[in-house]
2 protein chains.
Amino acid sequence: MEHDELGELLREAGLKATPKRRMVAEYLLDSGYARAVEDIWCHLRKRLATLGLPTVYRIAEELTEIGLLARIDVGDRVVRYAACQAHGTGHHHHIVCTGCGSVGVIPKCGFHRQVDALERTTGFRISGHRLHVEGTCPECQRREKS
Amino acid sequence: MEHDELGELLREAGLKATPKRRMVAEYLLDSGYARAVEDIWCHLRKRLATLGLPTVYRIAEELTEIGLLARIDVGDRVVRYAACQAHGTGHHHHIVCTGCGSVGVIPKCGFHRQVDALERTTGFRISGHRLHVEGTCPECQRREKS
DNA sequence: CTGCCTGCAAATAATTTGCAAAGTA
DNA sequence: TACTTTGCAAATTATTTGCAGGCAG
């Protein structure tokens, strides 16, 4: 038997490697898109009819907690999840296609360089930040031209 | 009579300068805090019992549309609104105190310098971004020490 | 006076929770 | 076996909508 990477990741995090957790993780890892919980559920239900919506909510949160997924907030008040391709590589942000929801990685974040100056000018002690970038992915650009 | 700045702003935007719109705007302009719609409503209702919650929702959105308020998204799924102190001064972001909700301005945003490089490396055409910074405001820092 | 504003009541819609049954290690 | 995970049904909660009456310009 080969290295069951996903299973190990889950168990290391103290989660049991159940089929449903695997399904959700694998679906998003393969897809490369940010998906609403309901979308994930609709898709996976075709394979496994007994999958419950609350379960998908719970799993998505757990997988986000352990860094496997990223919460993507497009601004409608629907939380989406995407495979965090930069899982384990440290601080980074995501760029999301407004057309199709595909997600890219922004590996370097220049913001930390501004933090000192900002703390001085605002008086705030800065504890964290979140950058949301949107645009059009290469594929959707191609589609536009036609 | 003096310059009714707020009234003018509203009318210029094509909105009637009604007392309720003024109340919401003035409350947030004075407060300096990010407030959930329900908080705004609870506060203003003491003065004006007939104020409806849906009205506050509508007004907050309108005032955001015209740039007077800013939508603040703390990550719980409750939309908050704050006076946009940098109203009219162009692109900027906000820093929000996790303790009390007070809001500061981040006048300069270094992100545009990264856009070109990022478009090249990701292939995305970038159309916009949103930076959310959190921290502890000076007052809450003082309070912590005691 | 005319059309924009607003209150109220009710509808949505996403997400959460309780609990008993089922599955993993 | 012991503890985690999950399904289902129902509850929550923020936000939205429809519509009749009210108010600013």
Side-chain angles (χ1 to χ4, degrees), chain A residues 1 4 6-25 27 34-66 68-69 71-81 101, chain B residues 1 4 6-25 27 34-66 68-69 71-81 101:
Chain A
M1 57 170 89
D4 172 17
L6 179 54
E8 261 176 42
L9 259 160
L10 290 170
R11 258 160 288 168
E12 273 168 27
L15 299 175
K16 296 191 174 173
T18 66
K20 324 223 161 156
R21 286 194 177 124
R22 289 171 186 279
M23 283 176 75
V24 172
Y27 173 50
R35 303 287 195 199
V37 171
E38 190 152 350
D39 295 333
I40 302 170
W41 178 60
C42 285
H43 181 87
L44 296 180
R45 212 156 50 131
K46 294 174 198 156
R47 305 275 164 112
L48 186 60
T50 66
L51 180 65
L53 182 54
T55 300
V56 182
Y57 272 99
R58 287 183 282 232
I59 290 179
E61 265 314 294
E62 293 161 352
L63 298 184
T64 301
E65 225 59 58
I66 70 178
L68 246 185
L69 301 185
R71 227 177 263 115
I72 303 285
D73 173 26
V74 178
D76 56 358
R77 82 210 67 55
V78 181
V79 177
R80 273 155 235 272
Y81 296 88
Chain B
M1 60 168 87
D4 171 17
L6 179 54
E8 261 175 41
L9 259 161
L10 291 170
R11 257 161 282 157
E12 272 168 28
L15 299 175
K16 295 190 176 174
T18 65
K20 325 224 162 157
R21 285 195 177 125
R22 288 171 186 279
M23 283 177 74
V24 172
Y27 173 51
R35 304 287 195 196
V37 170
E38 191 152 352
D39 294 333
I40 302 171
W41 178 60
C42 285
H43 181 87
L44 296 180
R45 212 158 50 131
K46 293 175 200 158
R47 306 272 164 115
L48 186 61
T50 66
L51 180 65
L53 182 56
T55 300
V56 182
Y57 272 99
R58 285 184 282 231
I59 290 179
E61 266 312 295
E62 293 162 351
L63 299 184
T64 302
E65 226 59 59
I66 69 178
L68 249 185
L69 301 184
R71 225 178 264 114
I72 303 286
D73 174 27
V74 178
D76 56 359
R77 81 210 67 57
V78 180
V79 177
R80 274 154 235 271
Y81 295 89

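For the numbers below, each heavy atom of this structure counts, side chains included, while hydrogens, waters and symmetry mates do not. Labels below follow one simple rule: chain letters A, B, ... track the order of the sequence lines, proteins then strands, and each chain is numbered from 1.
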What does the list of N/O pairs under 3.5 Å between the protein and nucleotides 23-25 of chain C look like, with a distance for each?
unit_1  : atom_1 : unit_2   : atom_2 : d
dT24(C) : O2     : Lys16(A) : NZ     : 3.0
dA25(C) : OP1    : Ala17(A) : N      : 3.4

Could you list the residues that satisfy side chain to side chain contact (heavy atoms under 4.5 Å, CB included) with [X], not counting sequence neighbours?
X        : answer
Leu6(A)  : Asp4(A), Leu10(A), Arg22(A), Ala25(A), Glu26(A), Leu68(A)
Arg77(A) : none
Ala13(A) : Ile66(A)
Arg71(A) : Glu61(A), Thr64(A), Glu65(A), Val79(A), Tyr81(A)

> Of the residues in residues 34-51 of chain A, which ones touch DNA chain D at a heavy-atom distance under 4.0 Å?
Replying inline: Thr50(A), Leu51(A)

> Taking only residues two or more places apart in sequence, or in another chain, which ones meet Tyr27(A) in a ring-ring contact (aromatic ring centres under 6.0 Å, His included)?
Replying inline: His43(A)

> Which is the 5'-most and which the 3'-most nucleotide of DNA chain D that has an atom under 4.0 Å from a heavy atom of chain A?
Replying inline: dC3(D) to dT16(D)

> So, Arg80(A) side chain and Val74(A) main chain: donor-acceptor pair closer than 3.5 Å or not?
Replying inline: no

Show me the side-chain donor-acceptor pairs of residues 47-60 of chain A shorter than 3.5 Å, one per line, residues at least two apart or across chains.
none

> Arg35(A): what forms a salt bridge (charged side-chain N to carboxylate O under 4.0 Å, His left out) with it, not counting sequence neighbours?
Replying inline: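 Expected list: none.
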
> By salt bridge (charged side-chain N to carboxylate O under 4.0 Å, His left out), which residues pair with Asp73(B), not counting sequence neighbours?
Replying inline: Arg130(A)

